[in-house]
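Here is the structure we will look at, set down as C-alpha cells.
Because only heavy atoms are used, hydrogens play no part in the values below, and waters and symmetry mates are left out as well, while side chains stay in.
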Amino acid sequence: MATATGLILSRWRRTLRVVPQSRTLAALVPSVTHVDNKSDFLGKKPHRQHPGILQLPHVRLPQALANAAQQLLLESTVSNAEEKVQTLTNYLWSRHLPVEPEELRRRAMHLEKKFLENPGSPQTEEKLRGAVLRALRRTTYHWQELSYNEELSLVYMAARLDGGFAAVSRAFHEIQTRTPQFQPQTLMDFGSGTGSVTWAAHATWGQSLREYVCVDSSAAMLDLAEKLLKGGSESGKSYVPGVFFRQFLPVSPKVQFDVVVAAFALSELPSAADRTTVLHTLWRKTSHFLVLVENGTKAGHRLLMDARDVVLKGKEKSPLEPRPGFVFAPCPHELPCPQLMASQPLACSFSQGYHPIPFSWNKKPKEEKFSMVILARGFPEDANRWPRITQPVLRRPRHVHCHLCCPDGHMQHAVITASRHGRDLYRCARASSWGDLLPVITPSESPPSPAQDPPES
C-alpha cells in the first residue's frame with residue numbers, strides 16, 4: 001500500500017499534518033512498519049481478508065435453540081401467533097423514548113403562550129389548562145412499559161430471538177476478531193429476555209466462559225430463557241452450563257464481569273435518570289467490555305450516543321478498576337457523533353444477515369438492522385483507530401465509493417481508485433463492506449502548506 005496515505009482527503013489536509021507512514025498498521029500488526037507493495041501487510045492472505053474485515057456470513061441459531069423455540073410455541077396456547085408476532089415486531093421497531101418531564105413542561109408552556117396569543121382562546125384558567133392538556137395528548141408520544149407475561153414472552157421469542165442473536169453475535173465477533181487474545185470467563189446480561197446473549201456468547205467464547213448471569217425483571221422471561229436452555233422442558237439438562245438467573249442486579253460493588261451486555265434493554269427504561277443510574281451500575285461491574293445494542297433507528301442510535309457520553313463523562317469509578325473507558329466500536333473517536341450533528345441526522349446502524357427460526361411464516365433469510373456501542377476499559381491508544389465504513393460500499397468500474405466515519409470526528413465520502421490511492425488500498429476498499437474498518441492511517445497533527453493540498457476525492 002505504497003500510496004495508502006493518498007486517501008487523506010482535503011478536510012484532513014486542511015486541519016491536520018501528515019504523519020510518517022511507519023505508524024500505519026503498527027498497532028495491529030507490529031511486524032509491519034511500512035505500507036507498500038513490498039511489505040508483509042497481508043502476509044499470505046488475499047485482500048478480501050484484510051485486517052479491517054469484520055463482516056459475518058449469515059448467522060444461524062444453534063439447532064438446539066431453534067428446536068426448543070419451535071417446540072415451545074407449538075405447545076403453547078398462543079392463538080394467531082403470526083399476526084401477534086408481526087404486530088409486536090412493528091411496535092418495537094417504531095418505538096420512541098418516553099418524553100422527559102422537562103420537555104413536557106416546555107411544550108405545555110409553548111402551547112399556553114400560543115393559546116393566549118389567539119383572541120379566540122379559552123378565557124378562564126381552567127379552560128386554558130384543559131385545552132393545553134388536550135393538545136399535549138394529541139401531539140406527544142405515549143410511551144408504555146411492556147409487561148411480559150407468559151404469552152407476550154413467547155410472542156417476543158418468536159419475533160426477536162433470532163434477530164437479537166444475530167445483532168449480538170456481530171458485536172461479539174468484532175471483539176473476538178480485533179482482540180483474539182481476550183478470553184472472557186464471566187458475562188452479565190442486563191435485560192436478558194429470552195437469553196439470546198447467552199447463546200451468542202457461548203457460540204463465541206464457549207471454551208473460556210464459565211459463568212453467565214442473566215438479569216431480567218420479568219419472571220416469565222427468565223422461566224422461558226431457562227426452558228430454552230433445557231431444550232423446551234423444565235427438567236432437561238442445560239445446553240449451556242454455568243447460567244444463573246436473577247431479577248435484580250448484583251448489589252456488591254466488588255462483583256465484576258469480563259463482559260457486560262445490555263441488548264435492547266435501555267430503551268425499556270422509563271426515563272433518562274433511570275438509564276443513567278443503570279449505566280453507572282453496569283460500567284462499575286465491567287472489567288473489560290460493555291456492549292450496548294439497540295434498534296438501528298434514530299431513536300436507538302441517539303440513546304446509545306447518550307449512553308456513551310454518560311459512561312465516558314461520568315465520575316463513577318469502580319473500587320477494583322481504576323482504568324478509564326474508551327470507545328472500542330464502532331466510533332474511531334470519542335467526539336460528538338457526526339451523523340447526529342448533520343443538518344439531516346442519520347442513524348449510525350449496521351446490518352447482519354441471519355436465518356430465522358423456521359416457523360411457517362419465517363422461510364427466507366432476513367437482515368437485522370441494529371446500532372451498537374462497545375466501550376472498553378483502558379486507553380484510546382490501545383485501540384485501532386481506522387475509519388469505519390458507515391454505509392453500503394458502492395463498487396463501480398475502476399473506483400469505489402466509501403462513506404467513512406474518521407478519527408477526526410468527521411464524515412467523509414471517499415472515492416478510491418487504484419491510480420490515486422494505490423492498488424492495495426483500492427483492492428481492500430473493494431473487498432470491504434458496510435461496518436468494516438478501512439485500513440488507512442489518517443494524520444493527527446496540524447496542516448501542511450497549501451501547496452500540498454490534494455484535489456477533493
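Side-chain contact of N67 with Q71: a donor-acceptor pair under 3.5 Å is absent, judged by distance alone. For D424 and H47, the side-chain atoms include at least one donor-acceptor pair closer than 3.5 Å. Side-chain N/O atoms of D274 and S271 include a donor and acceptor closer than 3.5 Å. Remark: the H96 side chain and the T297 side chain contain no N/O donor-acceptor pair separated by less than 3.5 Å. A donor atom on one side chain and an acceptor atom on the other are not found under 3.5 Å apart for Q185 and S208.
Residues V291 and V168 are not in side-chain contact: their nearest non-hydrogen atoms beyond the backbone lie 4.5 Å or more apart. Residues L282 and M188 have side chains in contact (heavy-atom distance under 4.5 Å, counting atoms from C-beta outward). By the 4.5 Å heavy-atom criterion applied to side chains, H403 and Q412 are not counted as neighbours. The shortest distance between side-chain heavy atoms of V440 and P387 falls below 4.5 Å. Residues C402 and I416 form a side-chain contact, since some pair of their non-hydrogen atoms from C-beta on lies under 4.5 Å apart. Y426 places a side-chain heavy atom less than 4.5 Å from the side chain of V400.
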Checklist entry - Going through the distances and angles, do L74 and L72 end up as a side chain to side chain contact (heavy atoms under 4.5 Å, CB included)? => result CA-CA 5 Å; L74 186 64; L72 286 169; over 6 Å; no
Checklist entry - Do I374 and I175 pass the side chain to side chain contact (heavy atoms under 4.5 Å, CB included) test, and can you show the C-alpha distance, the side-chain angles, and the key distance before you say yes or no? => result CA-CA 9 Å; I374 303 175; I175 298 174; 4.0 Å; yes
Next on the checklist: The test is side chain to side chain contact (heavy atoms under 4.5 Å, CB included); show your working for Q86 and N90 and say whether it passes.
Outcome noted: CA-CA 6 Å; Q86 190 59 53; N90 293 342; 3.0 Å; yes
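A donor-acceptor pair under 3.5 Å links the side-chain atoms of K285 to the main chain of P250, judged by distance alone. No donor-acceptor pair under 3.5 Å is formed between the side chain of R423 and the backbone N or O of A418. At distances below 3.5 Å, at least one donor-acceptor pair connects side-chain atoms of E334 with backbone N or O atoms of V327. Side chain of D436 to backbone of Q55: a donor-acceptor contact under 3.5 angstrom is found. Side chain of W434 to main chain of S349: a donor-acceptor pair is present (N/O by atom type, distance under 3.5 Å, no hydrogens or angles). Remark: side-chain polar atoms of R396 are not paired, donor with acceptor, to backbone N or O of H401 under 3.5 angstrom. With T179 contributing its side chain and Q181 its backbone, the two residues share no donor-acceptor pair below 3.5 Å. Looking only at distances, a side-chain donor or acceptor of E294 sits under 3.5 Å from a matching main-chain atom of L266. Using a distance-only test at 3.5 Å, with no hydrogens or angles considered, no donor-acceptor pair links the side chain of R385 to the main chain of P407. Of the possible donor and acceptor atoms, one in the side chain of R377 sits under 3.5 Å from a partner among the backbone N and O of T286.
Counting only residues at least two apart or in different chains, salt bridge (Lys or Arg N to Asp or Glu O under 4.0 Å) contacts with residues 299-310 are absent. For residues 212-230, the pairs satisfying salt bridge (Lys or Arg N to Asp or Glu O under 4.0 Å) are E226-K230, K227-E234, with sequence neighbours left out. For residues 194-204, every residue pair satisfying the side-chain hydrogen bond (donor to acceptor under 3.5 Å, both in side chains) rule, not counting sequence neighbours, is listed here: H202-Y212. Sorted by first and then second residue, the side-chain hydrogen bond (donor to acceptor under 3.5 Å, both in side chains) pairs with a member in residues 359-371 read R160-E368, S351-E367, N362-K366; sequence neighbours excluded. Pairs engaging residues 88-97 under the salt bridge (Lys or Arg N to Asp or Glu O under 4.0 Å) rule: R95-E268 [sequence neighbours left out]. Listed by first then second residue, pairs satisfying salt bridge (Lys or Arg N to Asp or Glu O under 4.0 Å) with a partner in residues 72-83 number zero, not counting sequence neighbours.
Qualifying ring-ring contact (aromatic ring centres under 6.0 Å, His included) partners for H173, counting only residues two or more places apart in sequence or in other chains: none. By the side chain to side chain contact (heavy atoms under 4.5 Å, CB included) test, T186 is found to be paired with R210, E211, F257, D258, residues two or more places apart in sequence or in another chain being considered. With sequence neighbours excluded, the residues forming a ring-ring contact (aromatic ring centres under 6.0 Å, His included) with F172 are W205, listed by chain and number. Residues satisfying the side-chain hydrogen bond (donor to acceptor under 3.5 Å, both in side chains) test with Q247, not counting sequence neighbours, are none. In this structure Y148 satisfies the ring-ring contact (aromatic ring centres under 6.0 Å, His included) test together with Y156, sequence neighbours excluded. Every residue two or more places apart in sequence or in another chain that forms a ring-ring contact (aromatic ring centres under 6.0 Å, His included) with F289 is listed here: F182, F328.
The two residues A166 and Y354 make their nearest non-hydrogen contact at CB-CB, 3.7 Å. The two atoms that bring V259 and P184 nearest to each other are CG2-CB, 3.9 Å, heavy atoms only. The two residues I53 and S432 have their closest heavy-atom pair at CD1-CA, 4.0 Å. Nearest heavy-atom pair, A220 versus N149, reported as atom, atom and distance to 0.1 Å: CB-C, 3.6 Å. The heavy-atom pair separating A69 from I357 by the smallest distance is CB-CD1, 3.9 Å. For the residue pair P365 and H58, the shortest heavy atom distance occurs at CB-CD2, 3.7 Å.
In this structure, NZ in K298 is found 6.5 Å from CG in L346, a value given to the nearest 0.5 Å. The NE2 atom of H288 sits 14.5 Å away from atom CG of L375, with the distance rounded to the nearest 0.5 Å. Within the model, atoms CG of L425 and CZ of R420 stand 12.5 Å from one another, a figure rounded to the nearest 0.5 Å. Note that the NE2 atom of H333 and the NE2 atom of H410 stand 9.5 Å from one another [nearest 0.5 Å]. Note that CG of L279 is 6.5 Å distant from CG of L292, once rounded to the nearest 0.5 Å.
The number of heavy atoms from other shown groups lying within 6.0 Å of CZ (F248) does not exceed 12. Counting heavy atoms of neighbouring residues, nucleotides and ligands inside a 6.0 Å radius, atom CZ of R48 does not exceed 12 of them.
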